[in-house]
Every structure is written in structure tokens, then in C-alpha cells.
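To find a chain, count down the sequence lines: A is the first, B the second, and so on, and within it residues start at 1. Please read all numbers here as calculations on a predicted model, not as lab measurements.
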Amino acid sequence: MIRKGFARLSPRALKQVHGNLVVKGIASRLQPLRDLLLACVASFHGSMDYARKVFDGIPHPDLFMHNVMVRGYAHGGAPAEAFSLYRLIEVARLRPDAFTFCYLLRACAGLSGSRSGYQVHGAVLKLGLLKDAFIRNTLINMHAKCGDLQVASTLLDEAGEGDVVAWSAIIAGHAASGDLDIARKFFDDCRHKDLVCWNVMVAAYAKHGEMEKARELINCAPEKDVVSWNTIITGYAVKGMLKEALEVLDEMNCDGWMPDEATIVSLLSCCANLGSLETGRMVHFLHLEGRPVSIILGNALISMYAKCGDVQAAMEVFSRMKERDVWTWNSVIGGLAFHGQAEQSIQFFEKMLEAGMYPNAVSFLCVLGACSHAGLVEEGQRYFSLMKYRYMIEPTARHYSCIVDMLGRAGLLDEAFAVLSCMRCEPSAVIWRTLLGACRIHGNAALGKLARERLLKMNEDASGDYVMLSGIYASSGEWFGVETVRGSMDERGVIKVAGYAQVDEKIAYRSAL
DNA sequence: CTAGGGTTAG
């Protein structure tokens, strides 16, 4: 009676079904539990939390159930959890099958540069599963995605000419490593191109900003689907070409295609980055009222409204969402911080912790940004420690940049330098430049000189740093320093637009007076 | 319950 149809139920209804199974005492029979698990993985829009609760409540889950969980984690971008479930399969002394390895290899494809892909490859060989075309193609995809195109090509030879799935995986792999010409060569050599194959090549151009080539190719395609159109729209969207993206939306409409969630999400992100609230609202209306709002769509909506300044609309979307993930919270925290609403941003960070959500590196970047913006030095330092010592998140150059900026704005230049000095990674040019800027504002010529020297050593286009440094010397009354800097500018042949240099010097003059 | 394509936060 409850065999089929779970997948169409809402999360709430699923919880009821789960409860009924328990009450009626049939929660120990296999098939209803398999169906329930499948439905949980399918119905909670990528969140595996509830499925995991159900799974953990099953006394002796079979291989099928383990596989469903591995699949859920692998598709949901949680490779570590996929592997931990694989370990449970071993602990339960179950024998993993081709399904298990397909999912596991998919998880590996998301772990670029890791050895785990080779380990799974080894296990596949050991179990003699390589003759399975699904396994082989997933292996090709994994190696191609992780950059080992040598191994991928060898496997392609075994797959032969007719296997278009293997070919598209190779094309995507070359595109991912930036070799568009080689990708195109494989595309041209592919004998039995299908729709996916065309879309892979179009996406390769679009991802690298080659929109003319992407358009040219899609115009030659024998058929298109909603993914083909979304590929083009996303290409324009990431370049900030909103007008062009919207024109493609019209074009796909004329061709008889309705925008789907991916279309809307892409357009929203473009509107968010450009601050185009009116267009963002219009795009929001493309999503039909009454249709479920997935986590990704909700996140994109929050981000768009928050960044465009309509905080109330962002909060409405947030409060209507049934399930939230760390991206949801980060979108709110980051959106508020971006828009200068630091206090609110910090409030939401605290609410996120209260809700039991585990913050990640981006969460801290957002809240540190808010602290820096509002000059809340103590709070910022507290969050920085929380991140390092409680959540054990290693700060990236961006986090340091935030902290240095925060301390620098407050005039705590020595503290800023101290943080920068004990960084585990090499300080980036951005960080030195941040310090340099703070030195100029607060007139610390000695530290500014040091920062400038480090910047020059980094051997990149540093024309902005020369100008900034001339500001430092000027603001602390060391006019001789200005001459020296401008002299070395000429020697090294750094070209700086005169207007900018003049404006900068005027500011320096003013702060010196 | 299996393979290749498009979608979110900094």
C-alpha cells in the first residue's frame, strides 16, 4: 500500500509516513524502508539530514540502503560523507557492488587532486568490475575531472568509438583543465554526437567566457533542450551581461522552452552581482507561484534581494524556507554585510549558531567582513578565534585580509602587522596592499615602506602601490620620499594614468595639511 | 538505486 508514491510526498508528509511505519511496527520490513529512504534522499532538496536520521534508525540496513545513502551524499556534494558510508558498508561486512562504486566515483570526481579516486579505481580492478560500461565511464569522468587525462584516455580506448558517454566525459575533462582546443578536437572527432555532447562543448566555451564561440556552436546544434539554453544564459550571467542573458531567455521562449530552476538561479545571481533589483524581481516572477522553492533557488533569491538592498524581501524568502543549509545562512549574513548592515549581519550569524548550523569558512568571511565594515574590532577578533580554535577552520588569505583591513582601519597597525607576520600561508599582495592603504591613512611611513618593499618583491603590476606609497610619504611629510618613489617608478617603467596619480596626490596633500 | 551537460553564498 505504501510501496510507490513516496517520492511525490512533501518532506512533512514523509515524516508522517515515517512515523506511521514506526507506530504500525512495520519499520523493520525492508521494502518500505528502502522506499522511504529513497524518497527522503529525493525530497529534501539535497539535504541528507533527515535521510540520515531514518538510516541511523534502521537496525541492519542492507546494501541497497547503504547505496542510496552513498548516492545521496555523492550527488549532494558531500564526498567525505559518501566515503564514511562506504566504510559502514565494510563494517557491516556487506559486499559493495557496481552501484556503490558508481556513486563513490562520482564523489571522487568532486575531490580534485586527491588520491581517493585511484584507491577506488584499485578496488574496482580488484573486484573485476571494469568490464561494466557504467563503471568504466564513471572512471573516465572521474579521472578526467581530476586532471589525469592520461588514464582517462586509456580507458576511452577500451570504451571504443561508439560510446558517446565516454567521449563527452573526455571532452568535459579537457575543457576543465583549460585545453579548449583539445576538447574541440575530441568533439570534432566524436562519431556519434548526441545532445549532451553538444551541450558539453558549448558549456566549455561558455565557462571560459568564449561566448561568441559558444553561440556559434549552439547555432549549429541539430537540437537543443533547456540545458543548452541555460548553458548560454549562465555564460552571459557570469560575465555580468544581463541584457544578453535576458535576450537568450526570450529566444528560448520563442523556441518553446520554459525557464526552469537553473535558468532562474543563474539570472538571479547575475542580478545580485549587478544590484539590479527591478530585473531581479521580474526574474523572481518567472518562478511559478505554488511550485516548491528548493534550497538553491531560495538561496539565490535571498542573495539577490539582500545584495540589491531589499532586505525585507530577503527575510521573507528566508522565513518561508522549510529547509535551510549553510549557504542559506551565509547568503543572509553576507548580503547584509555587503550592504553595510553589519549589526544585522552579526545577529544572523549568532542565530545561525543557535539554530545548530555548522558555520564554514565563508560564514566567517562574511561575519568578519561585517565586523571590519562597522569597526567592531573586538567582535572581529573574537570571531577570528572562534573560527580557528572552536571550529578548527584554517583561515585563508581572504580571512587574514579581512582582519588586517579591520585592524588597519582602526589604526591598530602594529596589531595588523603582527597578524600578518604569523600567517601560515604566504601573505598575498592584497594583504600587503591593505596594510599599505592603512599605513597611508594613519601616516605610518616605516611600516608602509616595509609593505611596499614586500609588494615590489612580489613582481606583479604594482603601479597602484607606487602611487599609494607616494601618498604615505606625503601624508607624513616626507617629501623626499615622494621623489624617490616616483624616481623608481620611472626606472621600472611603470605606467600610471596621470589623472589618477594627480588625484591621489591631491588627497595626500589634503591629509598632510 | 547505475555513466557524460546547465543552477546558489565569499
Side-chain angles (χ1 to χ4, degrees), chain A residues 34-35 37-38 41-42 45-46 62-72 74-75 77 97-106 109 129 132-142 144-145 159 163-173 175 190 194-204 206-207 225-235 237-238 259-269 272 294-304 306-307 325-335 337-338 360-369 396 398-399 401-402:
Chain A
R34 287 180 184 149
D35 291 341
L37 258 192
L38 263 179
V41 171
H45 356 266
D62 63 5
L63 182 64
F64 181 100
M65 297 173 188
H66 281 87
N67 282 351
V68 170
M69 294 300 288
V70 178
R71 185 187 68 150
H75 280 69
D97 61 4
F99 290 94
T100 320
F101 284 107
C102 267
Y103 306 143
L104 216 50
L105 286 167
R106 196 192 168 99
L129 290 169
D132 185 318
F134 284 96
I135 293 276
R136 190 183 49 228
N137 287 341
T138 319
L139 268 172
I140 292 176
N141 182 50
M142 185 273 295
K145 284 271 159 62
D163 196 336
V164 65
V165 174
W167 280 80
S168 15
I170 289 281
I171 295 166
C190 181
D194 65 358
L195 178 59
V196 174
C197 201
W198 280 87
N199 285 348
V200 168
M201 196 60 225
V202 173
K207 273 181 195 156
D225 66 358
V226 67
V227 175
S228 323
W229 292 107
N230 287 348
T231 304
I232 299 284
I233 289 178
T234 304
V238 295
D260 71 357
E261 195 180 297
T263 324
I264 296 172
V265 167
S266 273
L267 289 170
L268 284 174
S269 128
S294 75
I295 290 194
I296 291 185
L297 178 59
N299 294 350
L301 282 168
I302 291 173
S303 174
M304 183 277 290
K307 278 195 180 174
D325 63 7
V326 68
W327 289 61
T328 317
W329 288 95
N330 289 354
S331 299
V332 173
I333 298 162
F338 178 88
N360 64 13
V362 175
S363 321
F364 280 103
L365 201 56
C366 295
V367 76
L368 288 176
T396 66
R398 284 172 172 235
H399 295 97
S401 193
C402 236

When you measure from the side chain of [X], which nucleotide among [options] comes out closest?
X	options	result
A:D163	B:dT7, B:dA3, B:dG4	B:dA3
A:E261	B:dT7, B:dT8, B:dA9	B:dT7
A:R71	B:dG4, B:dT2, B:dA3	B:dT2
A:N230	B:dT2, B:dG6, B:dG10	B:dG6
A:C197	B:dT7, B:dT2, B:dG4	B:dG4
A:L38	B:dT7, B:dC1, B:dA3	B:dC1
A:N299	B:dT2, B:dA9, B:dT8	B:dT8
A:W327	B:dG6, B:dT8, B:dG10	B:dT8
A:D97	B:dG6, B:dA3, B:dC1	B:dC1
A:S269	B:dT2, B:dT8, B:dT7	B:dT8

Does the side chain of A:D225 come under 3.5 Å of the side chain of A:S228 through a donor N or O and an acceptor N or O? yes

Quick one: label [X] by what it contacts on the DNA or RNA (base, sugar-phosphate, nothing), any heavy atom closer than 4.0 Å.
X	answer
A:V200	sugar-phosphate
A:Y103	base
A:V70	nothing

So, OP1 or OP2 of [N]: does either fall under 4.0 Å of a side-chain N or O from [X]?
X	N	answer
A:K307	B:dT8	no
A:R106	B:dG4	yes
A:N141	B:dG4	yes
A:K207	B:dG6	yes

Counterpart residues, salt bridge (Lys or Arg N to Asp or Glu O under 4.0 Å), relative to A:R106 (two or more places apart): none

With sequence neighbours left out, the residues meeting salt bridge (Lys or Arg N to Asp or Glu O under 4.0 Å) with A:D132 are none

Base [N] paired with [X] side chain (donor-acceptor, <3.5 Å):
X	N	answer
A:D260	B:dG6	yes
A:S168	B:dG4	yes
A:N360	B:dA9	yes
A:D225	B:dG6	no

Within this structure, what is the [atom1]-to-[atom2] distance between [X] and [N], rounded to whole angstrom?
X	N	atom1	atom2	result
A:I296	B:dG6	CD1	P	13 Å
A:L268	B:dG6	CG	P	19 Å
A:D132	B:dT2	CG	C1'	8 Å
A:M304	B:dG10	CE	P	14 Å
A:N67	B:dT2	CG	P	10 Å
A:I170	B:dA3	CD1	P	18 Å
A:H399	B:dG10	NE2	C1'	8 Å
A:L267	B:dT8	CG	C1'	13 Å

Hey, does A:T100 have a side-chain heavy atom less than 4.5 Å from the side chain of A:H66? no

Indicate yes or no for a side-chain donor-acceptor contact from [X] to the backbone of [Y] under 3.5 Å, with no hydrogens or angles considered.
X	Y	result
A:H399	A:A361	yes
A:D260	A:T263	yes
A:S331	A:W327	yes

